[in-house]
Amino acid sequence: MRLSPAPALDPSLAGSLVLLHLAVVAVGLALLSSASVSASGLESVRCRLQGTPRPPAFSQDGDFVIGGVFSIHYYMHSVDHSYTSLPEPLQCTGSMDSRELRFSRAMIFAVEEINNSSYLLPGIMLGYQVHDSCNLVPMAVKVAFQLANGLDPMFDTGEQCSGSATVTAIIGESASTPTISMLRIIGPFGIPQVSHSSTCACLSDKKQYPTFFRTIPSDQFQAAALAHLIRHFGWTWIGAVRSDSDYGNNGMAAFLQAAQEEGICVEYSEAFSLTNPLSRVQRVADVIRSSTARVVVAFVSSWDMRILLREMERLPSPPRQWIGSESWITEPEMLRFGLCAGAIGIGIQRSVIPGLRDFLLDLSPQKVSNSPLLTEFWEAAFGCRLGIGIYLFVRPSVVHPSFCLSVSLSLCLSVSLSLCLSVSLSFCLSVGTSSTGVGVEEKMCDGSEDIQQLKTPYTDTSQLRVTNMVYKAVYAIAHAIHSIVCEERENSTVNCDKNLNVKPTQVLERLRRVNFSRNGYKVSFDANGDPVATYELVNWQIQESGNMEFVTVGHYDASLPLDQRLDIEREITWVKNSTQVPVSVCSESCLPGTRKAIQKGKPVCCYDCIQCAEGEISDNTDSSDCLICPEEYWPNAERDRCILKPVEFLSFHEVLGIILTACSVGGALLAIATAAVFYHHRNSAIVRANNSELSFLLLFSLALCFLCSLTFIGRPSEWSCMLRHTAFGITFVLCISCVLGKTIVVLMAFRATLPASNVMKWFGPQQQRLTVVSFTFVQAMICTLWLVLSPPFPIKNLTTYKEKIILECDVGSAIGFWAVLGYIGLLSLLCFVLAFLARKLPDNFNEAKFITFSMLIFCAVWITFIPAYFSSPGKLTVAVEIFAIITSSFGLFFLLFVPKCFIILFRPEKNTKKHLMEKASNDKRY
């Protein structure tokens, strides 16, 4: 847009205009005075606003007004407090931040876009009041009061000097510290504040700041992202600088905590601000120059960073890899500092706002002239001074300051006189001179200035980052208001009631539930008023042209799993335009399989590498601790990964298992063969004399005893664990019951030979069968109760050996296990005692002797089994138990049946009733 020069007016015509405007001013003042007098008589209470109101930089009336606060200037005019007169009004001074001016204009653009929308707040006009806070707390507090109270110096409310807020919500402030100050003022009134740039993590505390929201992510996420980034590139030895403000101090505190969790050491942490003496900034620069850490993390505002980099440029220093926070890493004006080439940091995502650039460049002469801020921007941008001729479309040479004042006053009749004077007088006095005060004529703007060709942060829309945060904040408030005053009818039309009294607390409540998308960007708030944290990884790269530019090399999304949050998509250029990642460590990396041992008296990142202990591994480089392998795993030889422990159990395929299986099957086959021999010679005297029925039952039970040992071999399972102990217990009781029955029969048989003895009628075949069944039934009941209440089950023994797993059966109920063994032992002891009593009976073939020896061997085997069982490790425990079963079974078999088989097969002459009935004393050979 060009400001075209206007033709000069005739001097006489100019004079006439002056007189005309003076008359208009006089009439206006008279009307204001009479209106004031009449109003004072009508109202009972006149309320006066304390202090001097500060006019907004931009304003527009509307059905609902949104406040805006931006740090358009850097400094505030110092006020002399003499305490003898009222202090001068607070005024912003210093250079203008045209980027912040763009933010404020983006807010206006969004409001106008919504006012022209047919789907969002149709028929509703949003207004705005945009203020400049100078990035300082006093001005931010003053602005907060004005937004809550209004600008009228005097107002009538009837009985009390109180009323509702003049704005429904506030957008801003840009910096965290002024934002906190504003929240202390407006928070108690329930006025929601949506910030576009205040990132301090402290603002997420809803107990302190219940009315705060923001469209920019919290520094808590940024700190975690920076720590993740640093750890990703293996930097464990860094320096840190921060702004001495809420933004820098809270942000650095969060970063240091995240860095500590990532195992990153900080060599130094220095704080400064632009208000500090230069010596403080010099000291920080000297610390950076003299440090050994090659990576510097700067959690610094853009204003503070400029001061530090200017000082760093003053003296040469070793190259440093700069890591930046979002406040300065995407600031275009920072690109002039060549020492930051290769810097990398976290930036807000770039975005596109259709129509914004055209709106920013659409600065008509009237818009520029009506706004002191735009006038200041125009003059600073083009290096010329706007005269009053621009306002009236005449040449500045024909305008007198008094004429400027009269025109300004005539345009302000509808507002407060004191407010009009504070603006108009200062401006008109400034345009009344065209010299610098030192005799040098200033260049006057002639209308040839072309804003389309202007290269400033205001006109730079190539990477809209924080600007989009302002845009989304306006839309978030609009959606909240829309949900209150608008309703959708059946015919899909939206009806909005602009006369509805909307309170800020209602907007606050609806903001918590806002969820929409605009230009492809999702807008919502979590319970802390924060949005979803997504960042761009921005790298400062020198292009072929020699210019330094921002290049997006990756992204960070805090909503993803930890290992997927950082995504690097392009090659990064490091310090000195290198493609190699710089190294910044205190000690060399520890290889996998080792851990870091901190050197005494040194930071944790200065360490020695020690091999992991037994059972532990480290699978990453620079592991601070070794990891204990899970119970079923064991380290490999390099101790850099866990491998499954070998599983051990008594298998059918190993030598020991084959031997025991052969013995078990062999014993069963011998028992079967013996039964066949006995059956073939069932009518012989020795078979008939030894109770053939019990003998066959005993051989059957011995075969089962041999075979039950097979259930102890192989991988344990639930069925095999229950079967092996119960089968063992029942078959052995059946076996010993048969032996006990034979022993009782022998004893009773000799008692039956006594005169008048009929005892044998109580120990006939039926009684013998009943005895065996009864003894066996008791054991079966014990086993049944054991299986029902707490049966044996397979377990993995991880304690006997550290490096392997022993599969074995847990007995479940120890009482059940020992009850089974105890019952077998009781019957064995009873059988041994009875057989011992019958050992000297005068038969030629006294079976009681063999029963005595067999029970002696049986008891000896199982008594020695107990200590051997508990002392045998691993699968040998099962082998000992199988050995005891087979040995005791063979003992019974050899002593009870081998002598009989020998007589049957090799001494048939002794297999006669006559020989068996002879006394042992008559046959000394046997």
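Because the structure is predicted, anything quoted here is derived from the model rather than measured.
Ile477 places none of its side-chain heavy atoms less than 4.5 Å from the side chain of Leu126. You'll find the side chain of Leu360 stays beyond 4.5 Å of the side chain of Thr459, heavy atoms only. A heavy-atom distance below 4.5 Å is not found between the side chains of Phe359 and Ile353. Put simply, the side chain of Val514 does not reach to within 4.5 Å of the side chain of Phe213, judged on heavy atoms. Between Arg510 and Val502, every side-chain heavy-atom pair lies at or beyond the 4.5 Å cut-off. Here the side chains of Phe58 and Leu374 are in contact, with some heavy-atom distance below 4.5 Å. With contacts defined as side-chain heavy-atom distances shorter than 4.5 Å, the pair Glu113/Phe109 qualifies. Taking the side chain as every heavy atom from C-beta outward, Val368 and Thr375 approach each other to under 4.5 Å.
Not a single donor-acceptor pair under 3.5 Å links the side chain of Thr166 to the backbone N or O of Asn149. Formation of a donor-acceptor pair under 3.5 Å by the Ser524 side chain with backbone atoms of Asn515 is not found in this model. The main-chain N or O of Pro561 is never found under 3.5 Å from a side-chain atom of Gln564 such that the two would form a donor-acceptor pair. Asn468 contributes no side-chain N or O that, together with a main-chain N or O of Leu464, makes up a donor-acceptor pair within less than 3.5 Å. Without hydrogens or angle criteria, Thr177 side chain to Asp246 main chain gives a donor-acceptor distance under 3.5 Å. Side-chain N or O atoms of Arg99 include none that pairs as donor or acceptor with a backbone N or O of Pro332 at under 3.5 Å. The closest donor-acceptor contact from the side chain of Ser176 to the backbone of Ser198 lies at 3.5 Å or more, if one exists at all. Glu173 places no side-chain N or O within donor-acceptor distance of the main-chain N or O of Met182, the cut-off being under 3.5 Å. Checking side-chain atoms of Lys522 against main-chain N and O of Ser517 turns up no donor-acceptor pair under 3.5 Å. Side-chain N or O atoms of Asp557 include none that pairs as donor or acceptor with a backbone N or O of Thr534 at under 3.5 Å.
Taking every heavy atom of both residues into account, Met107 and Val130 meet most closely at SD-CG2, 4.0 Å. Between Leu121 and Ala478, the closest heavy-atom pair is CD1-O, 3.9 Å. Taking both residues in full, the closest heavy atoms of Val494 and Cys486 are given as CG1-CB, 3.8 Å, listed atom of the first, atom of the second, then distance. Shown here for Leu511 and Ala476, the closest heavy-atom pair between the two residues is CD2-O, 3.6 Å. Listed here is the closest heavy atom pair of His482 and Pro122: CE1-CD, 4.2 Å. Across all their heavy atoms, Tyr535 and Ala533 have their closest contact at CE1-CB, 4.1 Å.
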Query raised in the report: Run the side-chain contact (heavy atoms from CB on, under 4.5 Å) check on Asn519 and Ser351 step by step: do they pass?
Result: CA-CA 9 Å; Asn519 294 337; Ser351 57; over 6 Å; no
Query raised in the report: Is there a side-chain contact (heavy atoms from CB on, under 4.5 Å) between Asp530 and Gln220 once you walk through the steps?
Result: CA-CA 11 Å; Asp530 295 324; Gln220 190 71 36; over 6 Å; no
**Report entry** Step-by-step side-chain contact (heavy atoms from CB on, under 4.5 Å) determination, Lys498 to Val485
**Finding:** CA-CA 7 Å; Lys498 64 182 178 181; Val485 302; over 6 Å; no
Report task. Output, in order, the C-alpha distance, side-chain angles, deciding distance and verdict of side-chain contact (heavy atoms from CB on, under 4.5 Å) for Ser104 and Ile72. Result -> CA-CA 8 Å; Ser104 64; Ile72 301 176; 4.1 Å; yes
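In this model, no donor atom of one side chain and acceptor atom of the other lie less than 3.5 Å apart for His73 and Thr93. Between the side chains of Asn115 and Glu112, no donor-acceptor pair is found at a separation under 3.5 Å. The closest side-chain donor-acceptor pair between Thr467 and Arg102 falls under 3.5 angstrom. Between the side chains of Tyr209 and Gln193, no donor-acceptor pair is found at a separation under 3.5 Å. For the residue pair Ser71 / Glu100, no side-chain donor-acceptor distance below 3.5 Å is found, with atom types taken as modelled. When only modelled atom types and interatomic distance are considered, Arg214 and Thr199 share no side-chain donor-acceptor pair under 3.5 Å.
Expressed to the nearest 0.5 Å, how far CZ of Arg465 lies from CZ of Arg350 amounts to 5.5 Å. For the atom pair CD1 (Ile66) and CD1 (Ile481), the distance works out to 5.0 Å, reported to the nearest 0.5 Å. Atom CD1 of Ile216 is separated from atom CE of Met469 by 6.5 Å, given to the nearest 0.5 angstrom. Summarising the geometry, atom OG1 belonging to Thr215 is positioned 14.0 Å from atom OH belonging to Tyr475; distances are rounded to the nearest 0.5 Å. For the atom pair NE2 of His479 and CG of Leu120, the computed distance is 4.5 Å after rounding to the nearest 0.5 Å. Distance check, rounded to the nearest 0.5 Å: OG1 of Thr330 to CD of Gln349 gives 12.5 Å.
Geometric assessment of Lys207 against the ring of Phe212 yields a negative cation-pi assignment under the 6.0 Å and 45° thresholds.
Around atom NZ of Lys367, more than 12 heavy atoms belonging to other residues, nucleotides or ligands sit under 6.0 Å away. Within a 6.0 Å sphere centred on CZ of Phe382, heavy atoms belonging to other residues, nucleotides or ligands number more than 12. In this structure, Asp61 places its CG atom where only 12 or fewer heavy-atom neighbours from other residues, nucleotides or ligands lie under 6.0 Å away.
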